[in-house]
> 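Before I ask anything, let me first share the structure, which is written out below as structure tokens.
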Amino acid sequence: MKPDAVRAFIARLAEINPEPKTELEFVNAYTLLVAVALSAQATDVGVNRATRPLFALVDTPQKMLALGEEKLRDYIKTIGLFNTKAKNVMALSQILVDRHGGEVPEDREALEALPGVGRKTANVVLNVAFGQSTMAVDTHIFRLGNRTGIAPGKTTLAVELGLLKRLPPEYLRDSHHWLILHGRYICKARKPDCNRCPVYEPCNFPDKARYRTA
DNA sequence: ATCCCGAGGG
DNA sequence: CCCTCTGGAT
């Protein structure tokens, strides 16, 4: 996609949703970190359903350690990969207490050193909790990067770097939300809703006409 | 059967 | 690169 089309694409999404926000529920940087760590291969709706009662009681790593892995597992049983996630959240909470004064570190290296926290999760925390213009590439953004032609790439890292390079800087920080929401509700994996698409014009999806039926 | 705000291990 | 972990929704 040409630079002008990329700008038109993102500017249109910005126009529709001037103040985009995360649909994951959280009350502070720690609960955001936990929520994102729990979101692998799960829907936001499913994660929120599990974390709502949890975060009402547990909103610090100290409280998580006091809760214990068994009880945490009960809270997140309905989310996929719950066993690994429960272990990771406990281990990560212990590290926050031991090495970071119970706070969520504000740098990528320290975040990615936490168990269960990779580049994508670190990027979300840096962006949402600390205001950095990172681009967290999840399943939706990876699909959109390739499907629309904004930033094609074989890996999530390639798509991330492509987006960082091609998106206008002033739109960078919020683009994470615009793209993810567009992917979730319009440019869906199975049946992209090209009829309701606000960026049909600049989009380079080869099959877009085929999905505009009614 | 496929997808959902992935990460870690081999 | 591949595989595994995993319940819930469609």
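Reckoned from all heavy atoms, side chains included, excluding hydrogens, waters and symmetry mates. Convention: sequence-line order gives letters A, B, ...; per-chain numbering from 1.
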> According to a strict under-4.0 Å criterion, is A:R184 in side-chain N/O contact with OP1 or OP2 of B:dC4?
no

> Under 4.0 Å, heavy atom to any atom of DNA chain B: which of residues 144-175 of chain A qualify?
none

> If you measure from the Lys or Arg side-chain nitrogens to the Asp or Glu carboxylate oxygens, is any gap between A:R7 and A:E170 under 4.0 Å?
yes

> Is A:E23 salt-bridged to A:R184, cutoff N-O under 4.0 Å?
yes

> I need the full list of side chain to side chain donor-acceptor pair (under 3.5 Å) pairs touching residues 31-43 of chain A, with sequence neighbours left out, sorted by first then second residue.
A:N28-A:T31

> Which residues pass the side chain to side chain contact (heavy atoms under 4.5 Å, CB included) test with A:K77, not counting sequence neighbours?
A:R73, A:D74, A:F82

> Quick one, which residues of residues 113-133 of chain A touch DNA chain C with a heavy atom under 4.0 Å?
none

> Check whether any side-chain N or O of A:R143 sits under 4.0 Å from OP1 or OP2 of B:dC3, and answer yes or no.
no

> According to the salt bridge (Lys or Arg N to Asp or Glu O under 4.0 Å) rule, which pairs have a member within residues 126-136 of chain A, sequence neighbours left out?
none

> Return the value, rounded to whole Å, for the distance between atom OH of A:Y185 and atom P of B:dC3.
19 Å

> I'd like to check A:H140 versus A:L179 (side-chain heavy atoms, cut-off strictly below 4.5 Å). Are they in contact?
no

> What does nucleotides 4-10 of chain C look like as a protein-contact string, B for base, S for sugar-phosphate only, - for none, at under 4.0 angstrom between heavy atoms?
-BBBSSB

> Looking at A:H176, I'd like to know whether one of its side-chain N or O atoms comes within less than 4.0 Å of OP1 or OP2 on B:dC5.
no

> To the nearest angstrom, how far is A:F142 atom CZ from B:dC4 atom P?
12 Å

